[in-house]
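Notes follow the structure.
We name chains A, B, ... by the order of the sequence lines, and we start the count at 1 in each one. Remember, it's a predicted structure, so these values are computed and weren't measured experimentally.
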Amino acid sequence: MATDLENLTDQMIVRRSKLQEWKQAQLDPYGHKYERTHSTQEIVQDFDKLEGETVSIAGRIMVVRGHGKASFADLMDGSGTIQLFIRINTVGEDLYHQYERLDIGDIIGVQGTVFRTKRGEISVEIVQFTLLSKSLRPLPEKWHGLKDVDLRYRMRYLDLIANPEVKDVFIARSKVIQGIRDYLLERGYLEVETPMLNTIAGGANARPFVTHHNALDMDLYMRIAPELYLKRLLVGGLEKVFEIGKNFRNEGMSTKHNPEYTSVEVYEAYGDADSMMVLTEELFAHLAKLVNGTTKINFQGQTVDLTPPWERIAMLDAIRKHSGVDLKALSETEAVAAAKERELDIPQGATKAQVINEFFDVFVEPKLVGPIFITDHPVEISPLAKRKADDPSVTDRFEPFIVGWEMANGFTELNDPIDQKERFLNQVEQRQAGDDEAHMMDEDYVMALEYGMPPAGGLGIGIDRLVMLLTNSPSIRDVLLFPHMRPR
RNA sequence: GAGCCAUUAGCUCAGUCGGCAGAGCACCGGACUUUUAAUCCGGGCGUCCUGGGUUCGAAUCCCAGAUGGCUCACCA
């Protein structure tokens, strides 16, 4: 016991001794179900009706202002905060002294009378109270809150208590996900779930996490995208499907990347990239209105308006516009030379597609405040997208950019099994050449395509980034309740 | 993975030139029956991120490491 106490701070020791006092008084410091009649917000809103009435509320004591034989406190529940008032004349000496032994952070249930103080503050005067949970550690400071970002992410519960506005971001996140689900369900899409434990990690260029199945004694990959499963469902005749869920990518972390992140992927048989672009811009505008009441976005000083339709420009045209170089007219060798002239960082023996990608990243991407669709990506970097009918070197693909970020990815789905197999073989070559983010061969998927997949449009949206955009959050960690952190 | 910055009381932060470790809130004791960052009086509280080094003496200077933030690289 003594050794235990050595690790406790003075405040923790004090609170533990108060805990013992409650137990010795035959009072349970960890209470049970408590019937509430109102939330603190309801009392404030319906004060005119409730004045003089008895209510039951429950929450956490946040601030205490004692005055000898009377005392004030602020009680916080899920809806907000209300002031409590207690007077020795009303409750008697015993209960009053019990009340004085409470600490900031304790959770209590209160029965009391609604009234307004001389200074105009809507309050509840305590008639009876019950300790529902004794708090054994002091809360962060009442005025400055919890600022240490490390602690805020690692101890999100404290962040939520000390910085109530944090909750608004997660309410917005919930609205976005619910909004996407409602929007798609209303339009006849079927919500499905596909495996997160994969034998082949397909559907994206990314390094997977590896895990192990003991009974089968085999390694499995955590999925990097649900795409190939969802398109198998198109083969099976489910014509409009979507999945909201997590993907896992074994890559670096940044303000825009977390190893596990949430996406929605949507597929529509007999659609194409164009129908998916319309869906994207309408869905984004709808969600902005749902969360913020307007399609205008203010993100870290940049202003964009998501009202459809959004501008569209082919990737090569965008490069010509922003760099002055018309890569379409150049051969591979000429394109590589043009890149070297501009000191672009391209690998030895780079292909034209890699040069295009690099030109785009350097000259175009930073300028795309948007919203704007970049379309017609080179076939080499789009192994699951259908070629354009009038130009087989590019695909019928699009990526919307807003405030300079890629917010989604979509295309007309490649449903030619022979072309798909060649694309996979090409990826496997790149993999063998050392690109561990290149796609793996998926024979089973090719076989599914051989049975016949209807022409289709597909779309994937990064939900975390979308929530960042809609809540003006500069870091992905601000929109994840428990972002990935190194263990301490 | 690289560069820059940060890490001091439960929380928010000062700490000058290398010379006794500080403040506010919180906590403890006292006063106070309508306060609201309540007020007033008194008090306690430290692995100065960790480990080395320089020095008579290190929170402070040097080296290595840990964690975090930002920027860059990779990616969505």
With heavy atoms under 4.0 Å as the rule, sort [X] into base, sugar-phosphate or nothing.
X        : result
A:Asp148 : sugar-phosphate
A:Phe248 : nothing
A:Met485 : sugar-phosphate
A:Gly66  : base
A:Leu139 : nothing
A:Arg249 : base
A:Asn250 : nothing
A:Thr255 : sugar-phosphate

In whole angstrom, give the distance that lies between atom [atom1] of [X] and atom [atom2] of [N].
X        : N      : atom1 : atom2 : value
A:Asn205 : B:rA76 : CG    : P     : 7 Å
A:Arg477 : B:rG69 : CZ    : C1'   : 9 Å
A:Ile122 : B:rU35 : CD1   : P     : 17 Å
A:Arg119 : B:rU39 : CZ    : P     : 13 Å
A:Leu146 : B:rC13 : CG    : P     : 10 Å
A:Lys118 : B:rU33 : NZ    : P     : 12 Å
A:Asp10  : B:rC11 : CG    : P     : 12 Å
A:Lys142 : B:rC25 : NZ    : P     : 8 Å

- Task: Answer yes if the side chains of A:Asp106 and A:Ser135 hold a donor-acceptor pair under 3.5 Å, and no otherwise.
- Result: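 A:Asp106 vs A:Ser135: no donor-acceptor pair found between side chains.
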
How far does the [atom1] atom of [N] sit from the matching atom of [M], given to the nearest Å?
N      : M      : atom1 : result
B:rU55 : B:rG46 : C1'   : 24 Å
B:rC20 : B:rU36 : C1'   : 40 Å
B:rU7  : B:rA76 : C1'   : 32 Å
B:rA59 : B:rU16 : C1'   : 14 Å

By nearest atom, which of the nucleotides [options] is closest to the [X] side chain?
X        : options                : result
A:Tyr261 : B:rC11, B:rA76, B:rU34 : B:rA76
A:Arg465 : B:rU33, B:rA76, B:rC27 : B:rA76
A:Arg154 : B:rU35, B:rG68, B:rU33 : B:rG68
A:Glu406 : B:rA38, B:rC70, B:rA76 : B:rA76
A:Ser254 : B:rA37, B:rU33, B:rA73 : B:rA73
A:Ile476 : B:rU67, B:rA76, B:rA38 : B:rA76
A:His144 : B:rC11, B:rU12, B:rC28 : B:rU12
A:Val14  : B:rU67, B:rA37, B:rC27 : B:rC27
A:Lys147 : B:rC27, B:rG68, B:rU12 : B:rU12
A:His67  : B:rU36, B:rA76, B:rA38 : B:rA38

- Report the relative orientation of the aromatic rings in A:Phe284 and A:Trp310; use parallel for angles under 30°, tilted for 30 to 60°, perpendicular for over 60°.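 Perpendicular: the ring planes of A:Phe284 and A:Trp310 meet at over 60°.
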
Let's test this: given Watson-Crick or G-U wobble pairing with both distances under 3.5 Å, identify the partner of [N].
N      : value
B:rG1  : B:rC72
B:rU39 : B:rA31
B:rU16 : none

- Message: Any heavy-atom pair between the side chains of A:Met222 and A:Arg249 that's under 4.5 Å?
- Response: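 No. Closest side-chain heavy atoms not under 4.5 Å.
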
Give a yes or no on whether [X] atom [atom1] has more than 12 heavy-atom contacts from other residues, nucleotides or ligands under 6.0 Å away.
X        : atom1 : value
A:Gln300 : CD    : yes
A:Asp94  : CG    : no
A:Arg116 : CZ    : yes

- Within the structure, does a side-chain N or O atom of A:Lys256 lie under 4.0 Å from either OP1 or OP2 of B:rU71? no

- Query: Between A:Arg65 and B:rU35, does any side-chain N or O lie under 4.0 Å from OP1 or OP2?
  - Reply: no

- Message: Testing the basics here: between A:Lys147 and A:Arg152, what is the closest heavy-atom pair and its distance to 0.1 Å?
- Response: O-CD, 3.9 Å

- Message: Tell me whether the side-chain N or O atoms of A:Glu141 pair up with the base of B:rA26 as donor and acceptor below 3.5 Å, since no angle test is needed here.
- Response: no

- Query: Does the distance from a Lys or Arg side-chain N to an Asp or Glu carboxylate O, for A:Glu260 and A:Arg223, drop under 4.0 Å?
  - Reply: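 A:Arg223 and A:Glu260: not salt-bridged.
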
